[in-house]
Protein chains: 4
Amino acid sequence: MNEKKKNIIVTSIDLFADKGFYSTSIQEIADKSGVSKGAFYLHFHSKDELMLEIFKYYYNLMQENIENVIDEALSPKVNFTKQVEVQFHEILKHKSFILTQLKEQAFTLNKELYDFIRLKELETQKWYKKNLVSIYGGEIEPYIIDLQILFEGMKNNYFQVLIHGEVDIQISKLASFIVDRLDDIVAGLLTTKKEPMLTQEMVFSLFSDLTAPEELVKKEVMNNLLEMQKVLNDADFYEKTINELQGVIDFLISEVKKQDSKTFVIQGMLANFKGMHQFDQYRKVISEKLGIRIL
Amino acid sequence: MNEKKKNIIVTSIDLFADKGFYSTSIQEIADKSGVSKGAFYLHFHSKDELMLEIFKYYYNLMQENIENVIDEALSPKVNFTKQVEVQFHEILKHKSFILTQLKEQAFTLNKELYDFIRLKELETQKWYKKNLVSIYGGEIEPYIIDLQILFEGMKNNYFQVLIHGEVDIQISKLASFIVDRLDDIVAGLLTTKKEPMLTQEMVFSLFSDLTAPEELVKKEVMNNLLEMQKVLNDADFYEKTINELQGVIDFLISEVKKQDSKTFVIQGMLANFKGMHQFDQYRKVISEKLGIRIL
Amino acid sequence: MNEKKKNIIVTSIDLFADKGFYSTSIQEIADKSGVSKGAFYLHFHSKDELMLEIFKYYYNLMQENIENVIDEALSPKVNFTKQVEVQFHEILKHKSFILTQLKEQAFTLNKELYDFIRLKELETQKWYKKNLVSIYGGEIEPYIIDLQILFEGMKNNYFQVLIHGEVDIQISKLASFIVDRLDDIVAGLLTTKKEPMLTQEMVFSLFSDLTAPEELVKKEVMNNLLEMQKVLNDADFYEKTINELQGVIDFLISEVKKQDSKTFVIQGMLANFKGMHQFDQYRKVISEKLGIRIL
Amino acid sequence: MNEKKKNIIVTSIDLFADKGFYSTSIQEIADKSGVSKGAFYLHFHSKDELMLEIFKYYYNLMQENIENVIDEALSPKVNFTKQVEVQFHEILKHKSFILTQLKEQAFTLNKELYDFIRLKELETQKWYKKNLVSIYGGEIEPYIIDLQILFEGMKNNYFQVLIHGEVDIQISKLASFIVDRLDDIVAGLLTTKKEPMLTQEMVFSLFSDLTAPEELVKKEVMNNLLEMQKVLNDADFYEKTINELQGVIDFLISEVKKQDSKTFVIQGMLANFKGMHQFDQYRKVISEKLGIRIL
DNA sequence: CATGAATGAGGTTTCATTCAT
DNA sequence: TATGAATGAAACCTCATTCAT
């Protein structure tokens, strides 16, 4: 992303956290970002769009960092704990971005942002499911939603403390502390066999109103493809290879554009980039978004 | 409180929850409350003050309901659970008052509101301490802050679900469910004897900047006394009694006004209302606020 | 005049002088006058009308006091000086009513007030003419307007000082001091025989636009007649006399109402009240207003 | 000054004169000035500030014109008369700026404006003193305050006539007419040797509450220095000279900023600009403000 | 690409005036 | 006659957004 745009995003995160979305003026954002008010509008069409971009930026950053920390050699629980720890660190680094706070405020903004957040919540659910099952085994499946809610609640509340207060908490310990609490809870649940509060079915219905979540996914995949396009242009391949890959990308783009694009087609076409490290990242990201395997 | 004023408060809670504080105009509030814009300002001096009043109203209501549900005959845990359940019910009843959302937004507002919330947080801490110790015994004292954070996190996150979603949760079960999770956590903590994340000392420093919390307490006590005054005026006592009690109230008011009012003086004077059930509530509330015993 | 009404007038004079017409709210006026906002409107139809009434009240008061101080036995100059002194005293007594200030502000108000002030200016001119001629003789007639402007300027500027400042001026001396300055000026003018700046003709044209000043005069005379009516009702005459005088008043009223009422008719009819001291004041006032002799 | 800003000032002077400060809305000012409401606030932070700027603008203009008319070759009285004449002309030119009206209304406005006017009154006093003494000699010193009040009163009252009325006065004659009246008064005073009404000591006490008038003076001097800075930037000097003068300005600025800046230091440093006509005006103005000689 | 002056809709708040009681 | 709650027009001011330069 454009360096200046990133700068505006990072600066406005601070400002929004400090004074709230409505109490922060574009003028202030521009001033503190070292750009003119006019320039701001070169990067964002509106204040609302800035908000959307902030979320995109933030979620991507989080996701990236969380994934980077995974070490397949280690146990699921250790990995999960490390990922939680990263989240705490990340929060502290930006300190300012009070996820939960902004999320609530954001809900009153435009629909696009609303849907984006919902989408991310869906992804987060998958992430929890994957992790929780691999840590605690399949028998906790019925409790997955409750565990997620309980865990996120505990985690977010510590976030709040970290953000507001000047308390001196050792984050490395904090992450494992709350994961241990999750252990406690899982132990309790499996022992007592109480019925869950929320089932996956109940929750999915919450997202049913999410109009065409695929549309949003597609939009993002499209962006990934366009970035691949750029990478290809800058890459130092044989002309023949370039032409070939160009064809692949074009095909992918047209496939994604289709009303009823087939994931297995995309899955296959992406395999064409195997062995070209420049595209590894994209293959991974796209695969995850579409829920397909990397061939 | 004035019926119309209450109506405005209730209506604006809905609106703020729907569209946020800044996106809701006074005009809308007035329209939906069935009063004119001018009438709004008869009840509130500003939009900010409305916000403050909303919080006061909400916290008072909560507190009242929570206290009413206590049944000394039952176990501490059952009482605690019932109180949590009441909170869930209350949340659902107003549905609209999204605790966290408003709380966070409020931080960008004026200092008076900020301080009010801080004060209530302090009171909440005491409430947790009292309950947790009586449920789990003195040995969990070191973990009290952590338990509060963990529990509130879990609880709030279920709040969110309740508020946003159309999920069909049985609240009566929910309360005991999350209290059971607290059981799990306590069990885990007491078993592993892990060191706490946050101690009471660390947290108290967070409130040290709270300028003269006593001032706020005094203000509230003063209001209680004024209400007692009214009750006295309406009460059906012998004239002699009235005059006597009038003197007591006058004395109390002047004592509270003093720079260095002595709590034991107030404690003693309040005893004068013993046996007059009309004032029981006030004696209790004031005693709690000032941290004194009811004689 | 109604006691309460007078009270409102006096109070609002203070307030207007303090904070200006627009910065003083009806609420303040009502509060400080010890009446309700509603009651205010029982006495005045609008804030503007209050202003008008203030002027009427003030000018009448001034005029009355000024006239009361006249002692025919003394020289014209001494009488003039005494009248000026009374004005200073009056100003200081109300301190608040800053004639010039309010006059200017008033010009932006409604036409009725504007015309009223113009009318009073006309009367003031006559007053100056009468006094100046009797003090300095007919030869200063050409300078009368200039002398009035010069003198009022000097006088008003000392008013300002008296009002604003905490200066310790002996008013008794001040009046004669500025009249002495008038002496100086007259002496200078008569010596140098410089041509006047403004003539009476030039100035009269200024008032030509004053739409039907007679209308205003008539209105006031009508009020005087109505007051006479009241006096008659309360008077302790023989019934026959009462009936007779009633007829006179009715006749006068209908005459005044006429488009082209003849002053000599009024002059004659007023003579019917000769010897009845209760009506002396009215005969005088009306005669002056219409510029007729008292028979 | 910015052309557009000046335009707003001039336009609003008219409007305020017409309808008064409070009855003129920003919308009207904007409309008549040919700018948008928003643009108004680019130039002025508030309506009050506009008022302040109007006064500054007007007083500066007056002062400048008054000073420009001075011809050292002529007698003090002739110069004084010419200056008075300029004031009349200026009044007529703006016609609209009704000195007294605005002055009085202003007193209900904010403190900054109030102080500004007081400061200017102080300066005006000095101006009268200087002129009167040089015209009439030292022996009138005891009467200076009285003479000022008397003269301003006469002058202002003719202002009123000029502003309101459509009277056809020859201003050139008017100025010498009222100065002649001053002659009359002085002659009278010196002959009768009456004691003065007001002494300078009595009056100075009126300004004692004026908090740190030097602060205001300093602020103005600082503005002058900043303007000199600009002039220097645009001037066509040798680089060496520029650097030197830059140093002088910097030094002056830091000296003025000091709590106890010494006037003689400023006096000396200003001499550095001798012979550079671009700065003559500034040297003069600053010297007058600080009451120092031009070396 | 970059600027910042300009716009004007829309927000909060005040207050003269009315009117049911 | 007296009250004061209620009204709503109109004021001041802010700020997201545009656009000529």
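Computed from a prediction, not measured in an experiment: that's the story for all the values here. First the proteins, then the strands, lettered A, B, ... as listed; each starts at 1.
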Undergrad: In whole angstrom, what separates A/Tyr22's OH from F/dC13's P?
TA: 24 Å

Undergrad: In terms of side-chain heavy atoms, does C/Ser23 have a donor or acceptor partner in D/Tyr22 at a distance below 3.5 Å?
TA: yes

Undergrad: Nearest whole angstrom, please: distance from the C1' of F/dC12 to the CD of D/Glu28.
TA: 13 Å

Undergrad: Taking the side chain of B/Lys47 as heavy atoms from C-beta outward, which of F/dA16, E/dT13, E/dC15 is closest to it?
TA: E/dT13

Undergrad: Over how many whole Å does the gap from D/Tyr41 atom OH to E/dG11 atom C1' extend?
TA: 13 Å

Undergrad: Distance to the ring centre below 6.0 angstrom and angle to the axis at most 45 degrees; does that hold for A/Lys6 and A/Tyr57?
TA: no

Undergrad: If you measure only the distance, is there a donor-acceptor pair under 3.5 Å linking the side chains of C/Glu227 and C/Asn223?
TA: no

Undergrad: Nearest whole angstrom, please: distance from the P of E/dT18 to the CD1 of C/Ile26.
TA: 11 Å

Undergrad: Nearest to the side chain of A/Ser46, heavy atoms from C-beta on, is which of F/dA11, F/dT17, E/dA6?
TA: F/dT17

Undergrad: Between B/Thr24 and B/Ser12, is a side-chain contact (heavy atoms from CB on, under 4.5 Å) present by the stated rule, with each step listed?
TA: CA-CA 8 Å; B/Thr24 306; B/Ser12 53; over 6 Å; no

Undergrad: In whole Å, I'd like the distance from the CZ atom of A/Phe44 to the C1' atom of F/dT18.
TA: 18 Å

Undergrad: Which nucleotide in the list E/dT7, F/dT7, F/dT3 gets nearest to the side chain of B/Ser36?
TA: F/dT7

Undergrad: Under 4.0 Å between a side-chain N/O of C/Lys4 and OP1 or OP2 of F/dT1, yes or no?
TA: no

Undergrad: Rounded to whole Å, please give me the gap between CZ in B/Phe16 and C1' in E/dG11.
TA: 13 Å

Undergrad: To the nearest 0.5 Å, tell me how far A/Ser33 OG sits from A/Phe40 CZ.
TA: 8.0 Å

Undergrad: Considering only E/dC15, F/dC12, E/dT7, which nucleotide approaches the side chain of D/Leu42 most closely?
TA: E/dT7

Undergrad: Which whole-number value in Å describes the distance from D/Phe40 CZ to E/dA5 P?
TA: 17 Å

Undergrad: Can you tell me the pairing partner of F/dT21 across any strand shown, Watson-Crick or G-U wobble, with both distances under 3.5 angstrom?
TA: E/dA2

Undergrad: Can you tell me how far C1' of F/dC13 sits from CD of A/Gln27, to the nearest Å?
TA: 16 Å

Undergrad: Contact class for A/Lys37 vs. all strands (heavy atom < 4.0 Å): base, sugar-phosphate, or nothing?
TA: base

